[in-house]
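Only one structure is covered here, and it is reproduced in the block below.
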There are 2 protein chains.
Amino acid sequence: MLNETLTAAPRSCGDCPIQHRAVCARCDADELAQLDKMKYYRNFEAGQTLIWAGDRMEFVGSVVSGIATLTQTMEDGRTQMVGLLLPSDFVGRPGRGVAPYDVVATTDMVMCCFRMKPFEAMMEATPHISQRLLQMTLDELDAAREWMLVLGRKTAREKIASLLSIIARRNSTLHLEQPTGQIVFDLPLTRDAMADYLGLTLETVSRQVSALKRDGVIELEGKRHVTVPDFHRLLAEAGDDSDGGMLV
Amino acid sequence: MLNETLTAAPRSCGDCPIQHRAVCARCDADELAQLDKMKYYRNFEAGQTLIWAGDRMEFVGSVVSGIATLTQTMEDGRTQMVGLLLPSDFVGRPGRGVAPYDVVATTDMVMCCFRMKPFEAMMEATPHISQRLLQMTLDELDAAREWMLVLGRKTAREKIASLLSIIARRNSTLHLEQPTGQIVFDLPLTRDAMADYLGLTLETVSRQVSALKRDGVIELEGKRHVTVPDFHRLLAEAGDDSDGGMLV
DNA sequence: CGGTGGATTGACCCAAATCAATTATAGTGG
DNA sequence: CCACTATAATTGATTTGGGTCAATCCACCG
């Protein structure tokens with residue numbers, strides 16, 4: 001399942017489900033103790049906007065469980081999703097006072113928040129955090145560039161296949177499996193959110209999902225539960241390289 | 001002029017035109033001396049491919065002068081530019097052995113290269129470099145996300161206006177001016193490269209450039225020399241926020 | 001000069017947007 | 001338990017922005 005059963009904050013960092021992938025992954029016991037003093041957990045409900053673009057940011061933090069989206073909006077209302085935040089992903093930018101994007105919870109969420117000021121001070125003092133954050137940011141940059149190819153050059157059908165394969169891949173790496181053969185997962189996004197991510201309309205998303213289903217690339221149970229009988233077939237539909245390509 | 005007259009390597013870091021913006025910007029004299037031991041300059045000619053996607057990377061480095069592009073290619077030949085590298089921008093990723101994108105010089109270039117291994121070791125030891133690199137990477141991530149909106153939701157006309165305003169802005173920040181009123185610059189890209197950046201065909205680029213010219217948004221002298229009589233008008237054509245929006 | 005590569009312009013076509021109507025699906029309260 | 005909404009999703013008909021194919025045009029250079 002994509003939505004972890006965890007809906008409450010972990011008892012301590014030792015129990016934290018994201019301790020090995022989050023921004024604090026490299027911290028030693030001392031450093032974790034320091035972080036503990038500036039951190040607090042917050043719960044958000046599905047649909048809730050965590051941060052509005054233009055707001056003052058008073059915290060940064062990690063997604064502990066649940067899923068959020070980063071979205072950019074033009075004055076005339078056109079929107080483009082620019083990020084999908086899964087457990088262990090980092091929210092906010094040290095040193096920046098104002099949020100550039102809307103951050104919206106698509107499921108119930110738990111966040112581990114750090115007060116901005118002390119966190120920034122700690123980043124100056126201990127290299128472990130900024131080193132880890134650098135790694136994570138470089139990964140996000142790669143993902144963003146991958147997404148630029150999707151937005152700029154792929155057909156609607158390829159876009160849908162790309163999104164499905166990305167969700168499938170992220171989902172299975174969370175569970176430490178290699179994505180091959182049959183894969184099953186739940187879509188964390190509505191058709192509308194998928195359209196925002198893909199630079200399409202929701203009608204086109206719906207049509208192409210139906211087409212992929214008709215052609216046997218995917219199977220649907222309800223609107224959200226997806227079975228991919230052959231992951232390689234899906235990758236081929238996405239226009240992605242035969243297999244490899246993926247930089248982890 | 002966009003192309004700095006500098007075509008040779010600087011004598012020393014003190015003479016370096018990018019010393020205040022590059023990855024080494026925060027380094028003290030000691031650290032610069034350390035870097036000096038692992039660095040070497042390389043010249044590239046316009047059109048030359050610095051790095052092929054899939055190649056082993058044996059160096060990382062900074063653009064000292066000139067302009068390069070980062071490009072992703074699908075097996076069937078569709079290409080998408082995913083980055084524009086200007087002086088002071090960083091090339092390569094510490095810790096990564098294989099290049100994910102083609103890097104191509106669009107003008108003659110000088111690069112300040114660091115041998116990968118010692119550079120990585122130094123990053124572990126001195127926080128100044130990874131802190132600066134983190135800042136730069138976060139800026140690039142913002143730029144990439146800005147670009148996702150352009151690719152996903154803007155019309156061809158807006159895309160052209162967006163590209164022109166980005167080049168104008170970057171160009172004038174290099175010269176420490178505020179972009180207002182009349183702006184003059186040289187396009188560093190061919191129509192074809194612009195199309196690769198914008199997710200368009202070169203014919204559409206040509207048509208929309210002509211349209212913007214016809215409508216008085218820009219003036220052209222030859223194919224490359226651009227005059228923008230009213231920068232705000234250009235921003236409005238780009239669909240960008242009335243003025244602000246820009247996160248520096 | 002003719003040639004070559006970049007750029008422009010025109011005619012036509014198609015993939016995805018838009019406009020519009022139905023069809024699930026999930027509550028909610030009588 | 002069944003109407004009565006409200007929201008998400010599907011499907012159809014039509015339009016359109018940008019792609020494709022093709023014919024010049026232009027500037028520079030040997």
Side-chain angles (χ1 to χ4, degrees), chain A residues 45-48 69 74 76-80 104 106-107 150-164 186-215 218-226 237 239, chain B residues 45-48 69 74 76-80 104 106-107 150-164 186-215 218-226 237 239:
Chain A
E45 289 177 13
Q48 202 178 346
T69 62
M74 295 170 69
D76 62 7
R78 281 177 281 176
T79 63
Q80 174 65 52
V104 181
T106 62
T107 66
V150 173
L151 290 172
R153 293 301 184 190
K154 291 196 178 179
T155 65
R157 184 183 174 98
E158 288 170 335
K159 284 179 175 181
I160 301 288
S162 297
L163 178 57
L164 293 177
D186 283 316
L187 272 176
L189 301 174
T190 64
R191 298 286 184 270
D192 194 44
M194 291 173 68
D196 274 352
Y197 206 161
L198 296 165
L200 298 171
T201 60
L202 77 167
E203 293 96 327
T204 299
V205 170
S206 184
R207 273 185 249 276
Q208 296 298 335
V209 169
S210 299
L212 288 176
K213 180 179 164 190
R214 178 166 16 82
D215 298 345
I218 58 173
E219 288 154 26
L220 284 181
E221 210 177 317
K223 277 92 172 50
R224 299 299 195 83
H225 195 73
V226 181
E237 290 285 356
Chain B
E45 289 177 15
Q48 201 177 346
T69 62
M74 294 170 70
D76 63 7
R78 281 177 281 175
T79 63
Q80 174 65 52
V104 181
T106 62
T107 67
V150 172
L151 290 172
R153 293 301 184 190
K154 291 196 177 178
T155 64
R157 184 183 173 95
E158 289 170 335
K159 284 179 175 182
I160 300 288
S162 298
L163 178 56
L164 293 177
D186 282 316
L187 274 176
L189 301 174
T190 64
R191 297 287 184 270
D192 194 44
M194 290 173 69
D196 274 353
Y197 205 161
L198 297 166
L200 297 170
T201 59
L202 78 166
E203 293 96 328
T204 299
V205 170
S206 184
R207 272 185 250 276
Q208 297 299 336
V209 169
S210 299
L212 288 176
K213 180 179 162 190
R214 177 164 18 81
D215 297 345
I218 58 172
E219 289 155 24
L220 283 180
E221 210 176 315
K223 278 91 174 47
R224 299 299 195 84
H225 195 72
V226 180
E237 289 286 356

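Here is how names work: the chains are called A, B, and so on, in the same order as the sequence lines, proteins then strands, and each is numbered from 1. Quick caveat: nothing in here was measured; it's all calculated off a predicted structure.
Terminal axes of the helix from dC1(C)-dG30(D) to dG30(C)-dC1(D) (five pairs each, C1' rotation axis) are separated by 30°, to the nearest 10°.
Across Met194(B) and Leu187(B), no two heavy atoms sit closer than the pair SD-CD1, 4.0 Å.
Here the C1' atom of nucleotide dA7(C) and the CG atom of Leu220(B) are 11 Å apart, to the nearest Å. Whole-Å rounding puts the Leu189(B) CG to dG6(C) C1' distance at 14 Å. In this entry the distance linking NE2 of His225(A) with P of dA9(D) reads 16 Å, nearest Å. Atom CZ in Arg78(A) sits roughly 10 Å away from atom P in dT18(C) (whole-Å rounding). Atom P of nucleotide dT10(D) and atom CE of Met194(A) are separated by 9 Å, given to the nearest angstrom. Straight-line distance from the CG atom of Leu202(A) to the P atom of dT18(C): 11 Å, rounded to whole Å. One can place CD of Gln208(B) at 6 Å from P of dG18(D), the figure rounded to the nearest angstrom. Across the protein-nucleic acid pair, Glu158(A) atom CD and dA15(C) atom C1' stand 12 Å apart, rounded to whole Å.
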- Query: Which is it for Arg153(B) and Glu158(B) under the side chain to side chain contact (heavy atoms under 4.5 Å, CB included) test, yes or no, and what are the steps along the way?
  - Reply: CA-CA 9 Å; Arg153(B) 293 301 184 190; Glu158(B) 289 170 335; over 6 Å; no
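Between Arg191(A) and Arg153(A), it is Arg191(A) whose nearest contact on DNA chain D lies nearer the 5' terminus. Checking Thr190(B) against Thr155(A), the closest nucleotide of DNA chain C that is more toward the 5' end is the one next to Thr190(B).
The side-chain heavy atoms of Leu163(B) and Val150(B), taken from C-beta on, include no pair separated by under 4.5 Å. In this structure, the side chains of Asp186(B) and Val226(B) stay at 4.5 Å or more apart for every pair of heavy atoms. For the pair Leu189(B) and Thr69(B), the minimum side-chain heavy-atom distance is below 4.5 Å. Taking the side chain as every heavy atom from C-beta outward, Arg207(B) and Thr201(B) never approach each other to under 4.5 Å. With contacts defined as side-chain heavy-atom distances shorter than 4.5 Å, the pair Glu237(B)/Leu164(B) does not qualify. Between Leu202(B) and Thr190(B), every side-chain heavy-atom pair lies at or beyond the 4.5 Å cut-off.
Residue Arg224(A) is classed as a sugar-phosphate contact, given heavy-atom separations below 4.0 Å to backbone atoms only.
For Glu203(B), the side-chain atoms get nearest to dT9(C) when compared with the rest of dT10(D), dT9(C), dA16(C). When distances are taken from the side chain of Leu200(A) to each of dA16(C), dT10(D), dG18(D), the shortest belongs to dA16(C). With dT18(C), dA16(C), dG19(D) as the candidates, the nucleotide lying closest to the side chain of Thr201(A) is dT18(C).
Listed by chain and residue number, Ala156(A), Arg157(A), Ile160(A), Thr204(A), Ala211(A) satisfy the side chain to side chain contact (heavy atoms under 4.5 Å, CB included) test with Gln208(A) (two or more places apart in sequence, or in another chain).
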Between protein and nucleic acid, restricted to nucleotides 25-30 of chain D and to nitrogen or oxygen atoms under 3.5 Å apart, what atom pairs and distances do you find?
none

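Atoms CD and CG, from Gln80(A) and Asp196(A) in turn, are 7.0 Å apart once rounded to the nearest 0.5 Å.
Side-chain atoms of Arg207(A) come within donor-acceptor range of the base of dT18(C), with a qualifying N/O pair under 3.5 Å.
Phosphate contact (OP1/OP2 of dT9(C), side-chain N/O of Ser206(B), threshold under 4.0 Å): absent.
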